[in-house]
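Worksheet for the structure shown next.
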Amino acid sequence: KKWKELIHNEDSDFAQIQLDNCINNKTDKFEIEIRFKTKQKEWKWISIKGGVIQRDEKGNIIRMLGTNSDISKLKSIENQLKNKNIELKDAEFELKNYNKKLLKVNSILQKINNEVNLSKKRAEESDKLKSSFLANMSHEIRTPMTALIGFSNLILDSDISESQKNEIISHIRTNSETLLHLVDDIIDLSLIEAGDLQISKTFHNLNDIIRSIYVYHKKRKESYNATDIKFTMHLSERLNNLNILTDSIRFRQIFAYLIK
């Protein structure tokens with residue numbers, strides 16, 4: 001009874017079971033680690049190792065031999081190691097979460113970098129196209145401008161006939177329209193770059209749009225006396241009532257660029 005009173009409550013049942021096993025001849029070995037209260041009222045971890053070395057004919061214990069060792073320092077180190085192991089597991093868990101966050105941030109940065117590179121590439125391509133467009137516009141503007149200046153000087157000549165004057169006026173009108181379209185193209189380009197190009201969609205009859213495009217380019221062909229160019233138009237009667245939702249001005253522009 002005195003012995004049990006010195007054992008920690010959490011260890012007493014376990015110690016009793018081990019002792020009973022020896023008493024009841026279930027085992028001859030006895031090895032436990034329990035907490036004992038010292039005279040100074042302190043708890044010490046004690047390692048008890050022993051065994052039965054002699055029994056009578058009925059199996060009752062006659063002699064036991066064993067040792068008691070103070071393992072308090074060892075248990076203290078063991079607890080410290082357990083605590084450190086818990087801290088390491090917590091740190092490992094935090095590190096894994098941190099790595100996940102880093103991977104996510106890296107993925108976002110990679111996406112941003114790809115978008116920046118793509119934007120840079122598009123900007124470079126846009127600059128090349130702009131330079132090419134402006135160079136082409138310079139040539140395109142110079143052609144009708146030169147014609148306008150030349151015909152303007154000719155119309156002042158008093159020796160030309162009325163028919164020749166009308167022909168010159170026709171050429172001036174044609175080149176003026178060409179120049180106006182070029183200016184419109186330049187304005188559209190600036191609007192596209194600024195993101196201000198407005199698209200106004202309404203319903204239009206498809207055949208009517210095709211007819212207006214045909215008539216416009218046929219007149220241009222005649223004004224340039226372009227006999228080597230032939231325009232034909234084929235409209236299906238089944239499409240007479242077909243309306244499309246579009247910006248008719250931009251629709252005509254697209255066709256004009258394709259025909260050019």
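Throughout, numbering of the chain's residues begins at 1 and tracks the sequence.
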Query raised in the report: For His234 and Ser236, does a side-chain donor sit closer than 3.5 Å to a side-chain acceptor?
Result: no
Query raised in the report: Taking the side chain from Ser76 and the backbone from Ser72, do they hold a donor-acceptor pair closer than 3.5 Å?
Result: no
Query raised in the report: Has the side chain of Asn117 got a donor or acceptor atom that lies under 3.5 Å from a matching backbone atom of Asn113?
Result: yes
Report task. Give the C-alpha distance, both sets of side-chain angles, the deciding distance and a yes or no for salt bridge (charged side-chain N to carboxylate O under 4.0 Å, His left out) between Arg35 and Asp11. Result -> CA-CA 7 Å; Arg35 284 161 287 186; Asp11 302 331; 2.9 Å; yes
Report summary line: The reported gap from CG in Leu235 to CG in Asp208 (rounded to nearest 0.5 angstrom) is 9.0 Å
Query - Check: Asp20/Gln16 side-chain N/O donor and acceptor closer than 3.5 Å - result: yes
**Report entry** Contacts of Phe251 that satisfy ring pair (Phe, Tyr, Trp, His ring centres under 6.0 Å) - sequence neighbours left out
**Finding:** Phe255
Report task. Give a yes or no on whether the backbone of Ala15 and the side-chain of Gln18 come within a donor-acceptor separation of less than 3.5 Å. Result -> no
Query raised in the report: If you measure from CD1 on Ile48 to CD1 on Ile34, what distance do you get to the nearest 0.5 Å?
Result: 4.0 Å
Query raised in the report: Would you say the side-chain atoms of Asn83 pair up with the backbone N or O of Asn79, donor to acceptor, closer than 3.5 Å?
Result: yes
**Report entry** Any side-chain donor near an acceptor of the partner, Asn114 and Gln110, under 3.5 Å
**Finding:** yes
Requested in this report: Calculate, to the nearest 0.5 Å, the distance between atoms CD and CG belonging to Gln54 and Leu65 respectively.
Outcome: 12.0 Å
Report task. Using a cut-off of 6.0 Å, state whether more than 12 heavy atoms not belonging to Asn241 lie near its atom CG. Result -> no
Query raised in the report: Roughly how far apart are Arg122 CZ and Glu124 CD, rounded to 0.5 Å?
Result: 13.0 Å
Query raised in the report: When you look at CZ of Phe231, are more than 12 heavy atoms from neighbouring residues, nucleotides or ligands closer to it than 6.0 Å?
Result: yes
Report task. Please examine the side chains of Tyr98 and Glu94, heavy atoms only from C-beta on, and report whether any two atoms are closer than 4.5 Å. Result -> no
Query raised in the report: Would you say Glu125 has more than 12 foreign heavy atoms packed within less than 6.0 Å of its CD?
Result: yes
**Report entry** Nearest-0.5 Å distance that lies between atom CZ in Arg252 and atom OG1 in Thr246
**Finding:** 9.5 Å
Report summary line: Contacts of Asn205 meeting side-chain hydrogen bond (donor to acceptor under 3.5 Å, both in side chains) (sequence neighbours excluded), chain-then-number -> none
Report task. Would you check if the side chain of Asn240 reaches a backbone N or O of Glu237 as a donor-acceptor pair within less than 3.5 Å? Result -> yes
**Report entry** Main-chain N/O of Ile149 paired to Asn153 side chain as donor or acceptor, under 3.5 Å
**Finding:** yes
Query - Shortest non-hydrogen contact between Phe36 and Ile46, atoms and distance - result: CD1-CG1, 3.7 Å
Query raised in the report: Side chains of Asn25 and Arg55: is there a donor and an acceptor less than 3.5 Å apart?
Result: yes
Report task. Supply the atom-to-atom distance Lys75 NZ to Trp43 CH2, rounded to the nearest 0.5 angstrom. Result -> 15.0 Å
Query - Check: Glu115 main-chain N/O paired with Ser119 side-chain donor or acceptor under 3.5 Å - result: yes
Query raised in the report: Within the side chain of Thr27, is there an N or O that forms a donor-acceptor pair under 3.5 Å with the backbone of Lys29?
Result: yes
